[in-house]
Every structure is written in C-alpha cells, then in structure tokens.
Amino acid sequence: MKETVVSGIRSTGKLHLGNYYGALNNFVKMQHEYNCFFFIADLHSLTTHPTPEHLNRTVREVVVEYLAAGIDPEQSTIYVQSDVPEVAELYLYMNMNAYLGELERATAFKDKVRANPDNVNAGLLTYPVLMACDILIHHGTKVPVGKDQEQHLEMTRTFGNRFNRLYNVEYFKEAFAFSYSDKLVKIPGLDGNGKMGKSNGEASCVYLSDSPEAIRKKVMRAVSDAGPTEMNQIKPEPIQNLFDLMKVVSTSDTLQHFEDLYNKCEIRYGDFKKQLAEDMVLATEPVRSRIQEISNDDEYVKKVIRMGAEKAHESAAKTIKEVREIIGIKKLY
C-alpha cells in the first residue's frame with residue numbers, strides 16, 4: 001500500500017515561482033511514488049471574504065496551473081475542497097473536540113489577529129481544525145508543509161489522537177511534515193524581504209502566467225543597492241535574494257560569472273537583472289505555454305475537476321461512514 005500525501009493551496013490568486021519551485025516541482029515527482037491528493041482550498045479562502053467572481057476565477061486558475069506544472073490527474077487526485085462536502089462534515093465533528101485555549105494559542109491565529117483585528121472570525125480560529133480534516137479525511141500520513149505550518153500539523157495529530165482516545169479506537173493515523181527533496185528551496189521575493197508571497201504584493205511575485213514583458217519589468221524594478229564597496233563583501237539581504245533567484249533559474253556558469261563580478265566590485269546591476277529576467281522568462285516558458293493551452297480547453301478542465309471530485313468523494317465518503325459509526329450516529333429508521 002502506498003502512503004498517502006495530502007496538500008492544498010488556497011485559492012487566493014495565481015501561483016508564483018515560490019509555489020512552483022517550493023512545492024509543485026516536488027508534487028510532480030511525488031505522484032509516481034505516493035497516493036497523492038492535491039486540492040484547491042476554497043473553503044479556507046472564505047476567511048478573507050472573497051467576492052463570488054474572484055473565488056470562482058481563482059479556483060479555476062489554480063486547477064489549470066496544477067495541470068500546467070505537470071500534475072497528472074490520472075496519477076494524482078486533483079480536486080476542489082468544496083466539491084467534497086464530507087470535509088465540512090468531519091470539520092463539524094472534530095470541532096466538538098477542539099478547545100478554545102489551544103486554538104487561541106496557535107501562532108498563525110495570533111498573527112492574523114494582529115494583522116487584521118477587524119476580521120477575527122470563527123473560521124480563522126478553527127482554521128487548524130479544517131486543515132486537520134483535509135488530511136484526516138484521506139488518512140494522510142505525509143504532508144508537504146513549510147515551517148510556518150508545522151504547528152498546525154502538530155494540532156492535526158492532537159485532534160486525531162484525541163478522537164482515537166475518546167472513542168477507544170485506533171482509527172486516525174498520525175501525519176508528519178514531508179519534503180520529497182532533501183534540499184528545501186526558498187524562493188525570495190523581489191521586494192528585498194523574505195520569501196515570495198502574494199501577501200507582499202504583485203511587484204514582489206513572478207507569477208507562472210506572467211508575460212515575458214511583465215517578468216522583465218518586475219525584475220528590473222527589484223530592490224537593489226548602490227553596489228559593493230569592498231572586495232568579497234557579504235551581500236545585503238535584497239542582493240542575496242536576487243542571487244538566490246539566479247541560483248534557481250540560471251546556469252551555474254552564469255551565476256558564477258556574476259558572483260565573480262560582485263566580489264571584484266565590478267558588477268552592473270542593470271546587466272545582472274537583464275540576465276536574471278531572461279533566465280526567468282526561459283524557465284517559466286514551458287509552464288506559461290501550457291497554462292494558456294489548458295485554460296482555453298474548458299471541457300478538459302471541467303473533466304479533470306469532475307474526475308477529481310469523484311475520486312476524492314470516494315475516499316472521503318468511506319471515512320465519514322466509519323466516523324459516524326464510531327461516534328454512534330446511525331439511522332433509526
């Protein structure tokens with residue numbers, strides 16, 4: 001029996017280089033060795049109250065970009081979270097065994113409260129419960145997550161084990177963080193701070209669907225400085241970020257060439273950024289072309305979504321049937 005991998009991406013907008021090199025590349029490799037469920041987390045997105053039009057559009061965009069990146073719907077289960085109502089039902093049951101104190105202590109929740117004090121809704125508070133149900137519904141044991149999600153994964157184990165103890169069963173398995181690659185890839189943003197992310201704004205992200213012109217414009221505007229003043233000096237964070245991006249999309253010879261120029265205080269950032277932009281355009285071209293091609297084939301996209309919903313429902317329905325029996329929820333007629 002293959003172990004089950006579960007991972008989801010919130011439908012809050014287009015996927016970027018960070019998603020691609022940090023997650024999607026590994027998803028494509030995983031699907032041949034594991035039983036993979038890759039979902040679009042539209043229910044999670046509701047905590048920020050997207051408009052119906054935006055929600056519907058971004059869900060489809062993520063499905064298309066999953067496919068364009070190489071996830072095979074015959075090998076993996078690609079589905080939309082809301083197409084599997086069993087997830088919401090399990091969420092209800094697990095909420096009965098999740099306690100206010102532990103939910104309020106979650107780091108991500110406290111961060112959200114500080115960032116958006118006017119939108120502290122119950123969905124934000126119970127976000128770890130819904131995430132746990134996404135995993136538990138398919139009995140996932142391997143979950144590709146970043147460091148910022150490890151506490152949520154620990155809570156998933158807590159909720160699953162608490163259910164087992166409460167009903168004196170050994171039903172839910174424990175899920176652990178999983179990286180297919182020994183070397184984790186961190187993709188920095190173009191704004192000079194931290195990793196690439198949609199929350200940092202359009203200018204910080206290079207999207208997989210960006211046109212070559214858009215990529216060039218964004219890279220040329222990336223944060224830099226006046227240049228090195230000493231031989232072999234340590235690079236400040238914004239410059240190191242640009243070199244880290246080049247390490248991912250360019251050849252080792254190209255990277256070494258600009259490393260040498262920097263160390264000799266001879267680097268010209270205009271030339272450096274032009275090279276980085278062209279290498280990004282080249283690296284994203286296969287996916288960008290596929291995005292356009294797949295997006296235009298509406299029947300194929302619908303077929304993939306239907307097929308994924310059926311496969312995910314089959315797995316989830318079995319879990320819910322068994323959970324109801326364990327809890328004692330049975331029809332009396």
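Because the structure is a prediction, the values reported are computed rather than measured. Hydrogens, waters and symmetry mates are skipped; everything else that's a heavy atom, side chains included, is used.
What you find for Pro228 and Cys265 is that their closest heavy atoms are CG-CA, 3.8 Å. Met220 and Lys274 make their closest contact through SD-N, 3.8 Å (heavy atoms, listed as atom of the first residue, atom of the second, distance). Counting all heavy atoms, side chain and backbone alike, Ile40 lies closest to Ser11 at CG2-CB, 3.6 Å.
Judged as a side chain to side chain contact (heavy atoms under 4.5 Å, CB included), and not counting sequence neighbours, the contacts of Thr251 are Asp253, Thr254. For Thr51, the side chain to side chain contact (heavy atoms under 4.5 Å, CB included) criterion is met by Glu53, His54, not counting sequence neighbours. Applying the salt bridge (charged side-chain N to carboxylate O under 4.0 Å, His left out) test to Asp297 and every residue at least two apart in sequence or in another chain returns nothing. For Gln75, the side chain to side chain donor-acceptor pair (under 3.5 Å) criterion is met by no residue, not counting sequence neighbours. Partners of Phe176 under the ring pair (Phe, Tyr, Trp, His ring centres under 6.0 Å) rule, at least two apart in sequence or in another chain, do not exist in this structure. Tyr127 is linked by a side chain to side chain donor-acceptor pair (under 3.5 Å) to nothing, counting only residues two or more places apart in sequence or in another chain. Residues forming a side chain to side chain donor-acceptor pair (under 3.5 Å) with Glu266 (at least two apart in sequence, or on another chain): none. With sequence neighbours left out, Glu154 forms a side chain to side chain contact (heavy atoms under 4.5 Å, CB included) with Arg157.
Looking only at side-chain heavy atoms (C-beta outward), Asn97 and Val129 stay at 4.5 Å or farther from each other.
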Exercise for the section: Evaluate the criterion side chain to side chain donor-acceptor pair (under 3.5 Å) for residue pair Ser315 and His138; output intermediate values, then yes/no. Expected result: CA-CA 6 Å; Ser315 169; His138 301 301; 2.8 Å; yes
*Can you check side chain to side chain donor-acceptor pair (under 3.5 Å) on Ser82 and Asp42, steps first, answer last?*
CA-CA 7 Å; Ser82 60; Asp42 57 337; 2.5 Å; yes
Applying side chain to side chain donor-acceptor pair (under 3.5 Å) to Asp244 and Gln240, what does each step give before you reach the verdict? CA-CA 6 Å; Asp244 286 346; Gln240 185 59 58; 2.9 Å; yes
| said: Does Asn263 form a side chain to side chain donor-acceptor pair (under 3.5 Å) with Glu259? I'd like the steps, not just the answer. | reply: CA-CA 6 Å; Asn263 290 333; Glu259 289 276 11; 4.6 Å; no
- Task: Begin from the C-alpha positions of Glu310 and Arg306 and carry the test salt bridge (charged side-chain N to carboxylate O under 4.0 Å, His left out) through to its verdict.
- Result: CA-CA 6 Å; Glu310 288 170 9; Arg306 277 196 303 268; 5.9 Å; no
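Using cut-offs of 30° and 60° for the angle between ring planes, the Phe37 and Tyr79 rings count as perpendicular.
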Kindly list each side-chain donor-acceptor pair under 3.5 angstrom involving residues 112-119, sequence neighbours excluded, with atom names and distances?
| unit_1 | atom_1 | unit_2 | atom_2 | d |
| --- | --- | --- | --- | --- |
| Arg114 | NH2 | Asp111 | OD1 | 2.5 |
| Asn119 | OD1 | Asn121 | ND2 | 2.9 |
| Asn119 | ND2 | Thr47 | O | 2.9 |

Which donor-acceptor pairs under 3.5 Å do the side chains of residues 64-73 make with protein atoms, sequence neighbours left out?
| unit_1 | atom_1 | unit_2 | atom_2 | d |
| --- | --- | --- | --- | --- |
| Glu65 | OE1 | Leu15 | N | 2.8 |
| Tyr66 | OH | Phe39 | O | 3.2 |
| Asp72 | OD1 | Glu74 | N | 2.8 |

Which atom pairs, donor and acceptor, lie under 3.5 Å between side-chain atoms of residues 282-289 and protein residues at least two apart or in another chain?
| unit_1 | atom_1 | unit_2 | atom_2 | d |
| --- | --- | --- | --- | --- |
| Thr284 | OG1 | Met280 | O | 2.8 |
| Thr284 | OG1 | Val281 | O | 3.3 |
| Thr284 | OG1 | Arg288 | NH1 | 2.6 |
| Glu285 | OE1 | Arg288 | NH2 | 3.0 |
| Glu285 | OE2 | Ser289 | OG | 2.4 |
| Arg288 | NH1 | Asp210 | O | 3.3 |
| Arg288 | NH2 | Val281 | O | 3.0 |
| Ser289 | OG | Glu285 | O | 3.1 |

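You'll find the ring centres of Phe163 and Phe159 outside the 6.0 Å limit.
Under the 4.5 Å side-chain heavy-atom criterion for grouping Ile, Leu, Val, Met, Phe, Trp and Tyr, Tyr207 is not connected to Leu242 through any hydrophobic cluster.
The line from CD1 of Ile267 to NE2 of His257 is 8.5 Å long, rounded to the nearest 0.5 Å. Here CZ of Arg60 is found 4.5 Å from OG of Ser295. Values are rounded to the nearest 0.5 Å. To the nearest 0.5 angstrom, Leu43 atom CG is 8.0 Å from Asp134 atom CG. Annotation: the span from Lys321 atom NZ to Glu86 atom CD amounts to 13.0 Å, rounded to 0.5 Å. Between the CG atom of Leu125 and the CD atom of Glu104 there is a distance of 6.0 Å, given to the nearest 0.5 Å.
Applying the ring-ring contact (aromatic ring centres under 6.0 Å, His included) test to every pair with at least one member in residues 210-254, sequence neighbours left out, gives these pairs: Phe243-Tyr262, Phe243-Phe272.
Within 6.0 Å of the CG atom in Asn168, the count of heavy atoms belonging to other residues, nucleotides or ligands does not exceed 12. Surrounding CD of Gln292 are at most 12 heavy atoms belonging to other residues, nucleotides or ligands under 6.0 Å away. Applying the 6.0 Å contact sphere to CD of Glu325 captures more than 12 heavy atoms from other residues, nucleotides or ligands. For CZ of Arg57, the number of neighbouring non-hydrogen atoms (other residues, nucleotides, ligands) closer than 6.0 Å is greater than 12. The neighbour count for Gln233 CD, taken as heavy atoms of other residues, nucleotides or ligands under 6.0 Å away, is above 12. Within a 6.0 Å sphere centred on NE2 of His313, heavy atoms belonging to other residues, nucleotides or ligands number 12 at most. A 6.0 Å sphere centred on CD1 of Ile234 holds no more than 12 heavy atoms belonging to other residues, nucleotides or ligands.
Salt bridge Glu3/Lys173: absent, no basic N to carboxylate O contact under 4.0 Å. Contact check on Lys303 versus Glu299 returns no salt bridge, with no Lys/Arg side-chain nitrogen under 4.0 Å from an Asp/Glu carboxylate oxygen. Look at Asp260 and Lys264 and you find no salt bridge, because none of the NZ, NE, NH1 or NH2 atoms lies under 4.0 Å from a carboxylate O.
A cation-pi arrangement is absent between Lys2 and Tyr34, since the terminal nitrogen or guanidinium carbon is not both under 6.0 Å from the aromatic centre and inside a 45° cone about the axis.
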